[in-house]
Amino acid sequence: MSPLALLFLTLFNSVLGLSILFPILGPLGRELGLSEVQVGLFSTGYALMQFLLSPYWGRRSERGRKPVLLVGILGFAASFLLFGLFALLGQKGVLPPGPLFPLLLLSRLLGGAFSSATLPTAQAYVADVTGRENRTAGMALLGAAFGLAVILGPALGAGLASLFGLLAPVFFSSGIALLNALFVYLVLPESRPEGREEVERLSPFDPRVFPLLLLGFALNLSGVALEQTIAFYFQDRLGLTGVETARSVGTALVLYGLVAVFLQGFLVRKAGWPPRTLLLLGLPVGLLGFLVLVFAKSFPALTLGLALQGAGAALAGPGVTAGLSLAVGEGEQGLVAGLNSAAQALGRMLGPIVGTGLYRLAPEGPYLLGVSLLLLALLFLPALFRRVRL
């Protein structure tokens, strides 16, 4: 099996272990006597640590990719084990909600700190094992691994919770991570050649990377704002009950994910398009998706808008990641991957706040934000192409 295929499995397992928790964090928090705000802080704190530490791990991986991957995965496993044990003590009444919350939050902060090592190191690994002409296809494969895990993880988490209780997915995630670490240790080869020149620092304001980092942040901010509000939007636009909303949104999100996986896992890899082409295709398609959502008033129209936005993100995302990799030298791959992960984490951290805040002002607000951000990005693409050779 090729190193790229092995890395696909590594990242898929890592994201699967995280996405398994999506359906159970809310009901678990309520069972433990925590407020919605406290449960929301688990995700915000997780993203904050990724924002702060991704550049460090990316820089650290320049000395060797495999050790950093192992530290990230093992730290992830330990943090989820701690979260599960603290929650179990809360369920049994040993820890009341007062002291329980800071302990659970601490375990999530540790999880974010260690998991922030995985994605930038994986991106740098792809840069190590692919030539410049295959870089975009390699980055798209990582996106496909991420998307596939996000589709399957929630379904698996919901199934485990139904059969064995709300904490089963937490301990299952920890177990998957331990097996993933063993897989990396035994099977995944090191990709960082000895003696390759290293660069100690890379500023996010470096003109080679700053425009693409800003574009990646805008894509993540608009995408997360959509994800956080789309269930409310379906319910309000279609007048659905809670159960009907869950069924409708679940169906639409599966299509959303499948479109992204198909485009990144097959089309982008087979077509071999450069980052410039992916951005020129992805941004208008994503913009059209947001526009459809603004005016949609039926289930098919809402689902079409969601699928178009997912398609645009699936094309533009690898364009940004591959563009950043190609914009810098071989000794800066870990550094630029760390900055890219930090920009994405900042979007994930602010997206829920911005999206729900705009939704309270007007239900179309989060999608008008997406229209505005992608329109600005399209207008600045010519200037970007003049500054960065893609």
Name all pairs fulfilling the side chain to side chain donor-acceptor pair (under 3.5 Å) condition that reach into residues 285-304, sequence neighbours left out, sorted by first residue then second.
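Residue pairs with at least one partner in residues 285-304: there are none.
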Working to the nearest 0.5 angstrom, can you tell me the gap between [X] [atom1] and [Y] [atom2]?
{"X": "Leu48", "Y": "Leu52", "atom1": "CG", "atom2": "CG", "answer": "4.5 Å"}
{"X": "Leu156", "Y": "Ile151", "atom1": "CG", "atom2": "CD1", "answer": "13.5 Å"}
{"X": "Phe183", "Y": "Ile73", "atom1": "CZ", "atom2": "CD1", "answer": "9.5 Å"}

Whether the side chain of [X] engages the backbone of [Y] through a donor-acceptor N/O pair (distance < 3.5 Å, no angle test) should be reported.
{"X": "Glu190", "Y": "Lys66", "result": "yes"}
{"X": "Ser174", "Y": "Ala77", "result": "yes"}
{"X": "Ser43", "Y": "Val39", "result": "no"}
{"X": "Trp57", "Y": "Gly334", "result": "no"}
{"X": "Ser341", "Y": "Gly338", "result": "no"}
{"X": "Thr356", "Y": "Pro352", "result": "yes"}
{"X": "Ser61", "Y": "Gly58", "result": "yes"}

Can you name the residues that form a ring-ring contact (aromatic ring centres under 6.0 Å, His included) with [X], not counting sequence neighbours?
{"X": "Phe210", "answer": "Phe205"}
{"X": "Tyr125", "answer": "none"}
{"X": "Phe42", "answer": "Phe83, Phe101"}

Does the side chain of Asn180 pick up a donor-acceptor pair with the side chain of Tyr185 at under 3.5 Å?
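Their side chains do not contain a donor-acceptor pair, so the 3.5 Å distance test is not met.
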Do you know which two heavy atoms are closest between [X] and [Y], and how far apart they sit?
{"X": "Leu202", "Y": "Val328", "result": "CD2-CG1, 4.3 Å"}
{"X": "Met139", "Y": "Thr321", "result": "SD-CG2, 3.5 Å"}
{"X": "Pro3", "Y": "Leu188", "result": "O-CD1, 4.1 Å"}
{"X": "Val224", "Y": "Gly347", "result": "CB-O, 4.2 Å"}
{"X": "Gly323", "Y": "Leu212", "result": "C-CD1, 3.6 Å"}
{"X": "Ala322", "Y": "Pro275", "result": "CB-CG, 4.0 Å"}

Phe146 CZ: over 12 foreign heavy atoms closer than 6.0 Å:
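No, because the 6.0 Å sphere around CZ of Phe146 holds 12 heavy atoms or fewer from other groups.
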The criterion is salt bridge (Lys or Arg N to Asp or Glu O under 4.0 Å); which residues satisfy it with Arg360, sequence neighbours excluded?
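In terms of salt bridge (Lys or Arg N to Asp or Glu O under 4.0 Å), with neighbours along the sequence ignored, Arg360 is linked to no residue.
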Of all residues at least two apart in sequence or in a different chain, which pass the salt bridge (Lys or Arg N to Asp or Glu O under 4.0 Å) check with Asp206?
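By the salt bridge (Lys or Arg N to Asp or Glu O under 4.0 Å) rule, Asp206 matches Arg208.
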Steps toward side chain to side chain contact (heavy atoms under 4.5 Å, CB included) verdict (Leu21, Ser173):
CA-CA 8 Å; Leu21 297 191; Ser173 293; 4.1 Å; yes
May I ask you to test the [X]-[Y] pair for a side-chain heavy-atom distance under 4.5 Å?
{"X": "Ser79", "Y": "Phe114", "value": "no"}
{"X": "Leu293", "Y": "Leu226", "value": "yes"}
{"X": "Glu332", "Y": "Arg59", "value": "no"}
{"X": "Leu103", "Y": "Leu82", "value": "no"}
{"X": "Leu374", "Y": "Leu378", "value": "no"}

Side chains of residues 258-272: which donor-acceptor partners sit under 3.5 Å, not counting sequence neighbours?
{"unit_1": "Gln264", "atom_1": "OE1", "unit_2": "Ala144", "atom_2": "N", "d": "3.3"}
{"unit_1": "Gln264", "atom_1": "NE2", "unit_2": "Ala314", "atom_2": "O", "d": "3.1"}

Mutual orientation of the aromatic rings belonging to Phe232 and Tyr359 [parallel < 30°, tilted 30-60°, perpendicular > 60°]:
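Ring orientation of Phe232 relative to Tyr359: tilted.
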Throw together a table of side-chain donor-acceptor distances under 3.5 angstrom for residues 22-29, partners on residues two or more places apart or in other chains.
none

Not counting sequence neighbours, which residues clear side-chain hydrogen bond (donor to acceptor under 3.5 Å, both in side chains) with Ser325? List them please.
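Ser325: side-chain hydrogen bond (donor to acceptor under 3.5 Å, both in side chains) contacts with Arg135, Gln333.
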The criterion is side-chain hydrogen bond (donor to acceptor under 3.5 Å, both in side chains); which residues satisfy it with Thr241, sequence neighbours excluded?
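Scan of Thr241 (side-chain hydrogen bond (donor to acceptor under 3.5 Å, both in side chains), adjacent residues dropped) gives Glu244.
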Walk me through whether Leu384 and Leu279 qualify under side chain to side chain contact (heavy atoms under 4.5 Å, CB included).
CA-CA 11 Å; Leu384 171 65; Leu279 292 175; 4.2 Å; yes
Ring centroids only, cut at 6.0 angstrom: are Tyr367 and Tyr233 within range, meaning strictly under it?
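Between Tyr233 and Tyr367, which both carry aromatic rings, the centre distance is below 6.0 Å.
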Given side chain to side chain contact (heavy atoms under 4.5 Å, CB included), test Phe80 with Phe171 step by step and report yes or no.
CA-CA 7 Å; Phe80 272 61; Phe171 292 115; over 6 Å; no
Determine whether Leu339 and Leu335 satisfy the following criterion, side chain to side chain contact (heavy atoms under 4.5 Å, CB included), listing intermediate values before the conclusion.
CA-CA 6 Å; Leu339 292 177; Leu335 302 176; 5.8 Å; no
Among residues two or more places apart or on two chains, list those pairs meeting ring pair (Phe, Tyr, Trp, His ring centres under 6.0 Å) that have a residue in residues 368-390.
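Residue pairs passing ring pair (Phe, Tyr, Trp, His ring centres under 6.0 Å), neighbours aside: none found.
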Test salt bridge (charged side-chain N to carboxylate O under 4.0 Å, His left out) on Glu227 and Arg348; report intermediate values, then the result.
CA-CA 10 Å; Glu227 290 165 8; Arg348 287 194 299 273; over 6 Å; no
Remaining members of Leu308's ILVMFWY cluster at a side-chain heavy-atom cut-off under 4.5 Å?
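Leu308 clusters with Val285, Leu288, Val292, Leu304.
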